[in-house]
2 protein chains.
Amino acid sequence: MTVTREPVVAIKSEIDRQDTTRRAKAQDLIRSAILNGYFSTGQKLVERELCKLTGASRSILREALVKLEASGLIERQSYRGYRVATLNVQKVCEIFELRAALETLAAELFTERASPEETAALNQAYSNLEQCITAFDLNRTRAAKQQYYDVLFSGCRNVEIRRALENIIDRIYYLRSRLMQDPNRRMASLEEMRRLTEALIKRDRVAARAASIAHLEAARGAVLLRMAQDEVDSKAKTTSTAI
Amino acid sequence: MTVTREPVVAIKSEIDRQDTTRRAKAQDLIRSAILNGYFSTGQKLVERELCKLTGASRSILREALVKLEASGLIERQSYRGYRVATLNVQKVCEIFELRAALETLAAELFTERASPEETAALNQAYSNLEQCITAFDLNRTRAAKQQYYDVLFSGCRNVEIRRALENIIDRIYYLRSRLMQDPNRRMASLEEMRRLTEALIKRDRVAARAASIAHLEAARGAVLLRMAQDEVDSKAKTTSTAI
DNA sequence: TTGGAGTTTTTTGTATACAATTTTTTATAT
DNA sequence: ATATAAAAAATTGTATACAAAAAACTCCAA
C-alpha cells in the first residue's frame, strides 16, 4: 500500500494546474472586468450579457459565477441574479480586520517555519518590489507584490490561511489598485514592508507581528481616506450636474 | 436619493434567505452525506451518481459542487472530477491554526462590541448547551453549539470573519462529530466554554482570548489523539484481514 | 397624472443533448 | 503471463432548449 504525501511547500500555480477550462477563463475575465472597473459596484450582472462578453455558454458561466460569489466579489439573490458587491466603510473595516488577522498570523508563522531559501527569496522579492515602486511601474509593482506574498504564504506552511485570504483577496486588490495611484502612499507602503521584511528575515516574531499590523493599519487608513475623498467628489459632481 | 443601509447585525439565515432552489438542496444533501460518512474521505464523487442521489440534473449538481469545493470539503481536478477532501494530521493542524485565529479574534471583538442583549443571549446559549451536554443529547448539542457560535459571531460585528470560518466550518464539524462521542471530551469542552463565556460576559478581552485559545488547543489535541487511535485501529484491522 | 390589473418580455432556474477527455477493456505481440 | 496499443466505455466539459419567476410594459379607470 503506497501513501501519497503532500509536498511540504504548496505552490498556488501547482494547486489548480492545467485548469484551462472555459469556466476558469470566464471566471478570470469577469473578475478582471470587475477589478478594472468595467462593471461598477452594485451593478446588475445579466448572464446573457456575460456570455457575450466571455464567449462562454450559460452553464459554464453560471459555474464561474458561483465561484466568484464564494470570494465575495459578487452577490446573489434567488431568481434575481448577481450584482457586483458594494463596499462601504463598514465592509472595508471588516475586510481589513480579517486580513490583518490572517496576514499577521502568516508573518508570525513565517518567522518560525520558513526555510533559509525562503527567507532569501523573500529578501529578493522585496528588492524587486522596491525597484518596481521606485521606477513607478504600476503593472510590475502589482506582480511584484503578489510574488512577495506568495513567498510569505509558502513560508508560513499553512495552505488554509492562504485559502481564506484568497477568498477576500479580490476585494483587497480592488482597494489596493486605487491606493497605488498615490505616490506618497506607495513610498510609505514600501517603507512599511521593508520593516516587515527585516523582521521576517531576522525571524523576530514580535517585530514581524508589529510590522504587519502597522502596515495594515496604515493601508486601512489610506483606503478610508480615499473613500471619503471619492464620496466628496461624487457629491460635488452630482451637484454640478444638477446645476 | 435614498441610501440603503445594512442592518447592524447580519444573521446567517437572513443572508441566503429563501434559497429553496434545487441547487441549494443538492448542496446540502451532498454536504450531509459527506459529514455523516456516507462518502468516505478521498472517495471519488461521480456526477451521475450524485444526480441519482439528489434527484437534481447535472447542471444544477455541478453548480452545487463548485460551491462545496469553495468550502474545501471536496477537491477537483480537471477532467477527473471531484473527490472528498482528505484530512491528514498536517491539514488538521492548519485548519485549527486558522480557526483559532478567527474564533479568537471574534471573541476579542465580542468583548468590545456586543450589545447587552447579545451578552445575555450568549449566556442563555451557554446554559442551553450545558443542559444538552449533561443530558447526553448529541443532536441537540450540535444545534446548541451552532446557536452559541451564531451569537458570538453576531456580537463581534464582522460578517467577513464568519464568512471565512464558514469556508472551513464543514471540515470542523466533521472533526467535531467524532469528538463528541467521547464523554470526557464533552465535559472538558463544556468547562472550557464556560470560562470563555464568563470572560465574554465580563468583557475581559485578555481573558476571552486566553479562554478561546485554550479551548481550541484542547480540541486540537483531542482530534489528533483520536486520529492517532483511528490510525492504529485501521492498521490492526488491515492486519487481521490479511491473516 | 396616478395607480393597478393583466399581458408581454426578460431573466433566472432547470433539464438534456453533444463534445472532449479520461478510464477501462480487449486484442495482440513478445 | 505480461506488456503494449487500439478500441470501447465511462466521465467530465460544454452548449442549447425548455420552464418558472421576475421585471417591464400596456391599457384602462379614477
Side-chain angles (χ1 to χ4, degrees), chain A residues 2 4 14-31 33-34 38-40 42-86, chain B residues 2 4 14-31 33-34 38-40 42-86:
Chain A
T2 56
T4 54
E14 257 193 347
I15 291 175
D16 40 21
R17 73 185 187 283
Q18 288 174 334
D19 193 350
T20 56
T21 56
R22 299 198 181 188
R23 187 189 99 191
K25 286 176 190 166
Q27 195 181 311
D28 244 40
L29 261 169
I30 297 171
R31 180 177 158 280
I34 294 173
Y38 182 81
F39 297 119
S40 53
Q43 185 172 345
K44 175 88 194 291
L45 297 174
V46 179
E47 293 178 7
R48 191 176 52 80
E49 291 175 11
L50 295 179
C51 287
K52 265 198 277 186
L53 177 72
T54 62
S57 70
R58 258 190 77 214
S59 49
I60 293 315
L61 190 97
R62 280 174 63 92
E63 291 181 15
L65 290 174
V66 170
K67 195 117 203 204
L68 286 170
E69 187 195 8
S71 74
L73 202 59
I74 63 176
E75 290 165 350
R76 173 178 167 275
Q77 270 197 309
S78 297
Y79 286 100
R80 289 185 189 174
Y82 292 89
R83 292 183 173 282
V84 179
T86 54
Chain B
T2 55
T4 52
E14 257 193 344
I15 291 176
D16 39 23
R17 72 184 187 282
Q18 287 173 336
D19 192 350
T20 55
T21 57
R22 298 197 181 189
R23 187 189 98 191
K25 285 176 190 165
Q27 194 180 313
D28 245 40
L29 261 170
I30 297 171
R31 181 177 158 278
I34 294 172
Y38 182 79
F39 297 119
S40 52
Q43 184 172 346
K44 176 88 195 293
L45 296 174
V46 178
E47 293 178 7
R48 191 175 52 80
E49 291 175 10
L50 295 179
C51 286
K52 265 199 276 184
L53 176 72
T54 63
S57 70
R58 257 189 78 212
S59 49
I60 293 317
L61 190 96
R62 280 174 63 93
E63 290 181 15
L65 289 175
V66 170
K67 195 117 204 204
L68 286 171
E69 187 194 9
S71 75
L73 202 59
I74 63 177
E75 290 165 350
R76 173 179 165 275
Q77 271 196 309
S78 295
Y79 287 100
R80 290 187 189 172
Y82 291 89
R83 291 183 175 284
V84 179
T86 53

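Chain A is the first sequence line, chain B the second, and so forth, proteins listed ahead of strands; every chain is numbered from 1. Heavy atoms only: backbone and side chains are in, while hydrogens, waters and symmetry mates are out.
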Between B/Glu49, B/Glu47, B/Glu63, which is the residue that forms a salt bridge (Lys or Arg N to Asp or Glu O under 4.0 Å) with B/Arg58?
B/Glu47
Once you round it to whole Å, what is the distance between C1' of D/dT12 and CG of B/Leu61?
12 Å
Expressed in angstrom and rounded to an integer, what is the separation of A/Gln27 atom CD from D/dG13 atom C1'?
15 Å
Whole angstrom value for the distance that separates P of C/dT12 from CZ of A/Arg62:
8 Å
Going from CZ on A/Arg62 to OG on B/Ser59, what distance comes out if it is rounded to the nearest 0.5 angstrom?
8.0 Å
Which whole-number value in Å describes the distance from A/Tyr82 OH to D/dA22 P?
16 Å
Please give, in whole Å, the distance from C/dT22 C1' to B/Gln77 CD?
12 Å
Starting at CD of A/Glu63 and ending at C1' of D/dG13, how long is that distance when rounded to a whole Å?
8 Å
OP1 or OP2 of C/dT23 sitting under 4.0 Å from any side-chain N/O of B/Arg80?
yes
Side chains of A/Arg76 and A/Leu65: does their closest heavy-atom pair fall under 4.5 Å?
no
Between CZ of A/Arg83 and CD of A/Gln77, what distance do you get to the nearest 0.5 Å?
8.0 Å
Quick test: give all pairs of protein nitrogen or oxygen and nucleotides 15-17 of chain D nitrogen or oxygen below 3.5 Å, distance rounded to 0.1 Å.
unit_1	atom_1	unit_2	atom_2	d
D/dA15	OP1	A/Arg22	NH1	2.2
D/dA15	OP2	A/Ser57	N	3.2
D/dA15	OP2	A/Ser57	OG	3.2
D/dA15	N7	A/Ser59	OG	2.6

One should read off an interatomic distance between A/Lys25 NZ and A/Ile60 CD1, to the nearest 0.5 angstrom, of 12.0 Å
Whole angstrom value for the distance that separates C1' of D/dA23 from CZ of A/Arg83:
12 Å
By a strict heavy-atom criterion of less than 4.0 Å, which residues belonging to residues 42-52 of chain A are in contact with DNA chain D?
none
Do A/Lys67 and B/Glu69 touch side chain to side chain, with heavy atoms closer than 4.5 Å?
yes
Is the shortest heavy-atom distance from the side chain of B/Thr54 to the side chain of B/Ile30 under 4.5 Å?
yes
Side-chain donor/acceptor of B/Arg23 to backbone N/O of B/Ala64, under 3.5 Å
no
Any B/Phe39 side-chain heavy atom under 4.5 Å of B/Leu53 side chain:
yes
May I have the distance from B/Tyr79 (atom OH) to D/dT12 (atom C1'), rounded to whole angstrom?
8 Å
